[in-house]
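Just so it is clear, the model here is predicted, and its values are computed rather than measured. Just the heavy atoms: all of them, side chains too, but no hydrogens, waters or symmetry mates, feed the values below. Chain letters run A, B, ... following the sequence lines, proteins first and then strands; every chain starts at 1.
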There are 2 protein chains.
Amino acid sequence: MSHNSLDLARTLHQSGHRLTPQRQIILDTLCETGGHVTVAELYERVHGRFPAIDRSTVYRALDFFGALGLVSAAGIGGATVYEVAGQGEHGRHHHLVCRDCGDIGHVPDDLFDDFAARLRDDYGFVADADSLTISGLCRDCGVGRGEGGKG
Amino acid sequence: MSHNSLDLARTLHQSGHRLTPQRQIILDTLCETGGHVTVAELYERVHGRFPAIDRSTVYRALDFFGALGLVSAAGIGGATVYEVAGQGEHGRHHHLVCRDCGDIGHVPDDLFDDFAARLRDDYGFVADADSLTISGLCRDCGVGRGEGGKG
DNA sequence: CTGAGTGCAAACGCTTTGCAGACAG
DNA sequence: CTGTCTGCAAAGCGTTTGCACTCAG
């Protein structure tokens, strides 16, 4: 967890904003969950412990932290999921979404480099290094399915 | 345009469904547009010429053609866009979405093969061959931006 | 004829917003 | 004190659904 209250407070003040308990709770809860969370799930958790906190506050906090670069959002399978940005050493990464179990895995940026280079060379398209979402079958769900993945 | 009325009618009958003017119009309009269209845009066009056609009919037709594999949907930048599946020789392809001008380009499947192979080898993840959406800057918008593509 | 498909309108789920009051600074 | 932020409640947006009627087959 890389955001202790003091650092966070300072960061917020730099941009002329405030550190409220709600924001701390929401960010903490997001950190605890670790992975990708929908607003609904996050609100469940937050609201479970602090019933006074409203859905709209969660939305606003998520949006707010997003603008600060502390939280990143990804649209996966129609739903919007949030995660703490730059978790640990992960830095940039892409998402592997299993279409079977819904699990979301990470791939480091560099695996994508070759592909991105070809995109640039052949199409003149400079791909963003993050927020790439790849759907498919994860290791567990893909086992014993044969080569049906291409069909 | 690869769907003349007779072929289409036959295809539908095979699955025990009907060919209605609404469906023809909606599919035709989608073909005319050529690229990626939102339901709103498609409805605009369809409804412009045939005011009696309802939004829900557009949704249902799109869903219906999707189930038949004639139309494919992709969630891009929070919006859902539709296109005729397997347009010409394109077959499987991925989407290059320019974050600047919003333009959507295509990349053939095979460019993705190496990346997919590494995903499979290193992560045991069998990527679906289509519906991959890559955000970035297209040739036009990327020009004159410096080499900041990685940062 | 028969029932798949349509138009209508209302419901739906997720997200945003206007407002008055609350509280961090 | 100031004005940012909150909770509430209601609106907004895109999408789905129940219903009676219509029309393709």
Side-chain angles (χ1 to χ4, degrees), chain A residues 5-29 36-68 70-71 73-82, chain B residues 5-29 36-68 70-71 73-82:
Chain A
S5 305
L6 292 181
D7 279 358
L8 188 53
R10 190 164 308 173
T11 306
L12 297 204
H13 295 160
Q14 284 172 11
S15 47
H17 297 292
R18 290 180 187 170
L19 178 57
T20 63
Q22 287 91 336
R23 287 179 173 170
Q24 290 188 61
I25 290 163
I26 290 167
L27 188 53
D28 271 356
T29 308
H36 307 77
V37 206
T38 62
V39 174
E41 289 163 351
L42 186 56
Y43 172 70
E44 287 291 299
R45 283 168 164 268
V46 167
H47 188 79
R49 282 190 293 177
F50 301 88
I53 295 184
D54 192 70
R55 241 182 303 265
S56 61
T57 302
V58 176
Y59 277 103
R60 286 192 268 228
L62 249 16
D63 197 52
F64 173 75
F65 287 131
L68 289 180
L70 294 176
V71 164
I76 288 181
T80 307
V81 293
Y82 293 84
Chain B
S5 304
L6 292 181
D7 279 358
L8 188 53
R10 188 164 309 173
T11 307
L12 297 205
H13 295 160
Q14 283 173 11
S15 48
H17 296 292
R18 291 178 187 173
L19 178 57
T20 63
Q22 288 89 337
R23 286 179 175 171
Q24 290 188 62
I25 291 163
I26 290 167
L27 188 53
D28 271 357
T29 308
H36 307 77
V37 206
T38 63
V39 175
E41 289 162 352
L42 186 56
Y43 173 70
E44 288 290 300
R45 284 167 163 269
V46 168
H47 188 77
R49 283 189 294 176
F50 301 88
I53 296 184
D54 193 70
R55 242 182 302 265
S56 61
T57 303
V58 176
Y59 278 104
R60 286 192 268 228
L62 250 16
D63 197 52
F64 174 73
F65 287 131
L68 288 181
L70 295 175
V71 164
I76 288 180
T80 307
V81 295
Y82 294 85

Within this structure, what is the CZ-CG distance for the pair Arg23(B) and Leu68(B), rounded to the nearest 0.5 Å?
8.0 Å
Check the interface with nucleotides 20-24 of chain C: list each N/O to N/O pair with the protein under 3.5 Å, or write none.
| from | atom 1 | to | atom 2 | distance (Å) |
| --- | --- | --- | --- | --- |
| dA24(C) | O3' | Leu19(A) | O | 3.4 |
| dA24(C) | N3 | Arg18(A) | NH1 | 3.4 |
| dA24(C) | N3 | Arg18(A) | NH2 | 3.4 |

Mind checking what makes ring pair (Phe, Tyr, Trp, His ring centres under 6.0 Å) contact with His13(A), not counting sequence neighbours?
none
Quick one: list whatever passes side chain to side chain donor-acceptor pair (under 3.5 Å) with His47(A), sequence neighbours left out.
Tyr43(A)
Check each residue of residues 46-65 of chain B for a non-hydrogen atom within less than 4.0 Å of any atom in DNA chain D, then write out the ones that pass by number, or none.
Ser56(B), Tyr59(B), Arg60(B)
Bounds of contact between DNA chain D and chain B, in 5' to 3' order, using a heavy-atom cut-off under 4.0 Å
dG14(D) to dG25(D)
Non-hydrogen side-chain atoms of Thr57(B) and Val46(B) separated by less than 4.5 Å
no
Is the shortest side-chain heavy-atom distance between Leu8(B) and Leu27(B) below 4.5 Å?
yes
Estimate the overall bend of the helix from dC1(C)-dG25(D) to dG25(C)-dC1(D) from the end axes over five pairs each, rounded to 10 degrees.
30°
Measure the spacing between CG of Leu70(A) and CG of Leu62(A) and express it to the nearest 0.5 Å.
11.0 Å
Side-chain contact test, heavy atoms from C-beta onward, threshold under 4.5 Å: evaluate it for Val39(A) versus Val58(A) and give yes or no.
yes
Gln22(B) CD - dC8(C) C1' separation (whole Å):
14 Å
Inter- and intrachain pairs under salt bridge (Lys or Arg N to Asp or Glu O under 4.0 Å), touching residues 46-64 of chain B, at least two apart
Glu32(B)-Arg49(B)
So salt bridge (Lys or Arg N to Asp or Glu O under 4.0 Å) across residues 37-48 of chain A, not counting sequence neighbours, yields none
Tyr59(B): ring pair (Phe, Tyr, Trp, His ring centres under 6.0 Å) partners, not counting sequence neighbours
none
Phe50(B) side chain near Gln22(B) side chain, heavy-atom distance below 4.5 Å:
no
Side chains of Leu12(B) and Arg18(B): closer than 4.5 Å at any heavy-atom pair?
no
